[in-house]
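Before any comments, here is the structure.
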Amino acid sequence: QVQLVESGGGLVQAGGSLRLSCAASGRTFSSTGMGWFRQAPGKEREFVATINWSAGGTYYADSVKGRFTIASDNGKNTVSLQMNSLKPEDTAVYYCASRSGYRYLHSTAGYDYWGQGTQVTVSS
């Protein structure tokens, strides 16, 4: 089991920034990488970004590329998501997730464990 706890959500005006953090504990040695997803009301959960623990390879959804940055601190088993130039359409509950493979990186199917989520609201 891997336990994930997110923090850092909140309310921000359009154009502002927020930084989300996710702390992993438990059987983290089985994890190959972490991802961030988000889910807006009435919509499916969608991929935002992912990072590999080793070599730090990163991948982003086109909608956030150039605005969001995912980073990891392997020594602390934490992953962050720096979100800049936020838009109202970024409003959602953001979830971090852990995966034990390298397939389906952009899909919820590729992830084994999930945090409880943190709300991000961007006002216009």
Side-chain angles (χ1 to χ4, degrees):
Q1 290 272 356
V2 175
Q3 292 79 42
L4 304 172
V5 178
E6 303 101 334
S7 60
L11 172 65
V12 65
Q13 288 188 332
S17 299
L18 279 176
R19 185 175 182 271
L20 306 182
S21 294
C22 177
S25 61
R27 298 174 64 87
T28 56
F29 61 83
S30 65
S31 175
T32 57
M34 300 287 288
W36 287 96
F37 286 73
R38 65 187 182 187
Q39 188 167 18
K43 295 188 176 181
E44 293 187 353
R45 194 169 296 189
E46 66 174 5
F47 169 77
V48 175
T50 190
I51 187 168
N52 298 326
W53 284 119
S54 62
T58 59
Y59 305 90
Y60 296 91
D62 288 342
S63 59
V64 306
K65 203 171 293 183
R67 299 188 298 122
F68 291 10
T69 302
I70 188 171
S72 65
D73 184 335
N74 293 22
K76 296 182 179 180
N77 288 330
T78 59
V79 174
S80 63
L81 185 69
Q82 178 66 43
M83 305 185 294
N84 299 328
S85 302
L86 282 161
K87 305 174 181 180
E89 50 263 44
D90 294 318
T91 295
V93 176
Y94 283 71
Y95 299 88
C96 74
S98 172
R99 52 180 163 84
S100 56
Y102 294 95
R103 299 179 66 187
Y104 310 117
L105 298 185
H106 297 182
S107 169
T108 57
Y111 296 78
D112 309 295
Y113 300 100
W114 295 83
Q116 82 286 353
T118 185
Q119 177 70 47
V120 171
T121 303
V122 184
S123 63
S124 56

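The chain is numbered in sequence order, starting from 1.
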Considering only distance and modelled atom types, tabulate donor-acceptor pairs under 3.5 Å from the side chains of residues 79-89, sequence neighbours left out.
residue	atom	partner	partner atom	Å
Gln82	NE2	Asn84	OD1	2.9
Asn84	OD1	Ser17	OG	2.9

Compile the donor-acceptor pairs under 3.5 Å between side chains in residues 50-62 and protein atoms, sequence neighbours left out, one pair per line.
residue	atom	partner	partner atom	Å
Thr50	OG1	Met34	O	2.8
Thr50	OG1	Arg99	NE	3.3
Thr50	OG1	Arg99	NH2	3.1
Thr50	OG1	Tyr111	OH	3.0
Asn52	OD1	Arg99	NH1	3.1
Asn52	OD1	Arg99	NH2	2.6
Trp53	NE1	Ser31	OG	2.9
Tyr60	OH	Ile70	N	2.9
Asp62	OD1	Lys65	NZ	3.1

query = Between atom CG of Leu11 and atom OG1 of Thr121, what is the distance when rounded to the nearest 0.5 Å?
reply = 6.0 Å

query = Can you pull the disulfide (SG to SG under 2.5 Å) pairs that have at least one residue in residues 88-124, sequence neighbours excluded?
reply = Cys22-Cys96

key: Spacing of CG belonging to Asn77 relative to CD belonging to Gln3, to within rounding of 0.5 Å   = 11.5 Å

inquiry  = With side-chain contact (heavy atoms from CB on, under 4.5 Å) as the criterion, how do Tyr113 and Arg27 come out once you've worked through the C-alpha distance, each side chain's angles and the decisive distance to 0.1 Å?
reply    = CA-CA 11 Å; Tyr113 300 100; Arg27 298 174 64 87; 5.9 Å; no

ask   = Counting distance only, does the side-chain N/O of Glu6 pair as donor-acceptor with the main-chain N or O of Gln116 below 3.5 Å?
value = yes

Leu20-Leu4 co-clustered via ILVMFWY side chain contacts under 4.5 Å = yes

4.5 Å side-chain heavy-atom contact, Ser30 and Val2 = yes

key: Thr108 OG1 to Phe47 CZ distance, which is reported to the nearest 0.5 Å   = 12.0 Å

task = Look at the side-chain heavy atoms of Ile, Leu, Val, Met, Phe, Trp and Tyr, link any pair under 4.5 Å apart, and say whether Val122 and Val93 land in one connected group.
result = no

task = Give a yes or no on whether Gln1 atom CD has more than 12 heavy-atom contacts from other residues, nucleotides or ligands under 6.0 Å away.
result = no

query = Under a single-linkage definition using a 4.5 Å side-chain heavy-atom cutoff for Ile, Leu, Val, Met, Phe, Trp and Tyr, are Phe37 and Val120 assigned to the same hydrophobic cluster?
reply = no

query = Roughly how far, to the nearest 0.5 Å, is CZ of Arg38 from CD of Glu44?
reply = 14.0 Å

query = Any donor-acceptor pair under 3.5 Å linking the side chain of Asp112 with the backbone of Ser100?
reply = yes

query = Is the count of non-hydrogen atoms from other residues, nucleotides or ligands lying under 6.0 Å from Tyr102 atom OH greater than 12?
reply = yes

Closest non-hydrogen atom pair between Asn74 and Ser72, with its separation = OD1-OG, 3.2 Å

